[in-house]
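Right, one structure below, let's go through it.
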Amino acid sequence: MIPSGLMSFPLTPFTPADEVNTSVFADHIEDQLAHGPAALFVACGTGEYSSLSAPEYAEVVRHAVRVVAGRVPVLAGAGGGLGNARAAVGAASDAGADGILLLPPYLVGGTEDGYLAYVESVAGAGRLPVLVYRRGLARIGVSTALRLLSVPRVAGIKEGDGDLDSMARMVTAVRTSGHPRAETFAFLNGLPTAEVSATACRAIGIRDYSSAVLCFAPDIARAFHTALTTGDTAVTSRLLTDFYLPLTALRDQVPGYAVSLVKAGARLRGLDVGHVRAPLVDAAPDHVEQLKDLLARGRRALAETGGGAEPAVTDGAGTGLTPEQGAPAVAVAS
């Protein structure tokens with residue numbers, strides 16, 4: 001099962017020779033684990049899934065599973081063309097992953113019926129639970145979400161479109177459907193810089209979220225999450241004003257900065273994660289300087305509001321997903 005909490009989406013480090021840097025990757029994972037994530041999602045969007053070859057993908061997932069060693073669940077990305085997505089599920093299963101985040105298919109769109117068939121085919125390629133990423137070409141409306149309840153290995157939906165009205169209808173429809181999995185079907189906030197929408201998502205029953213900031217400023221990410229869950233609006237408001245909203249504005253200046261800025265931030269933290277792969281571009285030097293200033297402002301806000309938090313402790317218990325039920329224990333609306 002996946003415990004409720006803050007989700008980590010680690011970067012994939014590359015060497016100057018453009019090979020996966022497994023040594024830095026191990027250090028990165030240990031650093032993430034030290035700050036108490038509920039689960040790790042490797043080789044996903046932040047981990048540049050679309051740029052990895054099949055052998056690289058298997059190496060990344062296998063290495064993550066080995067380093068984590070059962071302390072938290074490890075989920076792996078899969079997506080793109082149907083054949084590639086099914087192959088990724090098989091590779092992730094062989095590597096010992098606990099579940100799959102199904103990323104949108106690439107380039108080719110379709111109807112909701114077509115996308116449902118895609119999900120059913122990918123989920124049927126293995127025995128791992130699948131979280132479906134609702135974003136871009138992944139078309140999921142209320143009726144499709146209700147149909148996903150009957151796909152045994154689909155464990156839930158990660159929201160990435162930002163249409164909170166639609167998501168509120170979806171969460172309500174699922175929770176009141178009377179389906180045996182209505183209360184355990186997972187909803188996860190996966191919007192870019194999810195902290196910005198975290199309060200709104202909690203109001204509609206989506207309590208947990210993924211945090212890219214956890215990759216490069218885990219002290220800020222953890223403090224925000226703690227303040228959010230304890231209702232400390234003084235801290236969340238100050239961090240939104242001084243750090244998260246300006247970070248979002250900087251991110252939106254260049255396509256792909258949702259990954260590039262995270263890698264730049266990790267390098268500022270002293271982690272040699274290397275470059276991003278094309279078609280992404282590395283953050284411009286002046287933007288890196290702006291990021292450095294934002295980090296200083298965020299930490300100053302923490303000091304002035306008393307919002308610092310100790311890392312959560314991961315005890316390693318309950319790390320296995322249950323593929324037969326297809327429903328990890330991600331938070332549901334209270």
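Just so you know, residue 1 is the first one in the sequence shown, and it goes up from there.
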What verdict does the side-chain contact (heavy atoms from CB on, under 4.5 Å) test give for Asn189 and Ser210, after you've listed the backbone C-alpha separation in whole Å, the side-chain angles of each residue and the deciding distance to 0.1 Å? CA-CA 7 Å; Asn189 174 6; Ser210 56; over 6 Å; no
Is the backbone N or O of [Y] less than 3.5 Å from a side-chain atom of [X], with the two atoms forming a donor-acceptor pair by type?
X: Tyr57; Y: Gly77; answer: yes
X: Asn84; Y: Gly79; answer: no
X: Arg267; Y: Gly274; answer: yes
X: Thr193; Y: Val196; answer: no
X: Glu120; Y: Ala123; answer: no
X: Glu56; Y: Ser53; answer: yes
X: Thr226; Y: Arg222; answer: yes
X: Arg153; Y: Pro129; answer: no
X: Lys263; Y: His275; answer: yes
X: His28; Y: Pro13; answer: no

Nearest atoms (heavy-atom pairs only) where [X] meets [Y]:
X: Val276; Y: Val281; answer: CG2-C, 3.4 Å
X: Gly47; Y: Leu52; answer: O-CD1, 4.1 Å
X: Leu228; Y: Ala198; answer: CD2-CB, 3.7 Å

side-chain contact (heavy atoms from CB on, under 4.5 Å) with Cys44: which residues, sequence neighbours excluded?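 Cys44: side-chain contact (heavy atoms from CB on, under 4.5 Å) contacts with Phe9, Phe41, Leu101.
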N-O pairing of [X] and [Y] below 4.0 Å:
X: Glu112; Y: Arg147; answer: no
X: Arg297; Y: Glu304; answer: no
X: Asp94; Y: Arg62; answer: no

Are there over 12 heavy-atom neighbours, none belonging to Arg169, within less than 6.0 Å of that residue's CZ?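 For Arg169, atom CZ is not crowded (no more than 12 foreign heavy atoms under 6.0 Å).
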Pairwise side-chain contact, [X] with [Y], heavy-atom cut-off 4.5 Å (strictly under):
X: Leu188; Y: Ile157; result: no
X: Glu159; Y: Met170; result: no
X: Val174; Y: Leu149; result: yes
X: Leu40; Y: Pro10; result: yes
X: Val130; Y: Val122; result: no
X: Val119; Y: Leu102; result: yes
X: Phe243; Y: Arg299; result: no
X: Arg175; Y: Val171; result: yes

Would [X] end up clustered with [Y] when hydrophobic side chains under 4.5 Å apart are linked, directly or stepwise?
X: Leu164; Y: Leu245; answer: no
X: Tyr244; Y: Leu291; answer: yes
X: Val74; Y: Leu6; answer: no
X: Tyr209; Y: Met7; answer: no

Would you say [Y] and [X] are linked by a side-chain donor-acceptor pair, where the criterion is simply a distance under 3.5 Å?
X: Asp282; Y: Ser260; result: no
X: His35; Y: Asp219; result: no
X: Glu59; Y: Thr22; result: no
X: Arg139; Y: Thr144; result: no

Could you check whether Arg277 makes a cation-pi contact with Phe14, meaning its NZ or CZ is under 6.0 Å from the centre of the six-membered ring and within 45° of the ring axis?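 Yes.
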Step by step, would you call Thr12 with Tyr49 a side-chain contact (heavy atoms from CB on, under 4.5 Å)? CA-CA 9 Å; Thr12 300; Tyr49 166 81; over 6 Å; no
Once you round to the nearest 0.5 Å, how far does CG of Asp272 lie from OG of Ser23?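 Result: 10.0 Å between the selected atoms.
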Interatomic distance, Asp208 atom CG to Lys158 atom NZ [nearest 0.5 angstrom]: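 Interatomic distance, Asp208 CG to Lys158 NZ, rounded to 0.5 Å: 12.5 Å.
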Go through Arg300 and Asp242 one step at a time and tell me if the side-chain contact (heavy atoms from CB on, under 4.5 Å) criterion holds. CA-CA 9 Å; Arg300 185 163 57 249; Asp242 286 6; over 6 Å; no
Just checking His179 against Phe185, ring centres under 6.0 Å apart?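 Ring centroids of His179 and Phe185 are no less than 6.0 Å from each other.
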Test Ser4 against Arg207 for side chain to side chain donor-acceptor pair (under 3.5 Å), laying out the working first. CA-CA 8 Å; Ser4 176; Arg207 301 175 63 84; 5.8 Å; no
Report the C-alpha separation of Leu214 and His225 in whole Å, then their side-chain angles, then the decisive distance to 0.1 Å, and conclude whether the side-chain contact (heavy atoms from CB on, under 4.5 Å) test is met. CA-CA 10 Å; Leu214 193 66; His225 184 264; over 6 Å; no
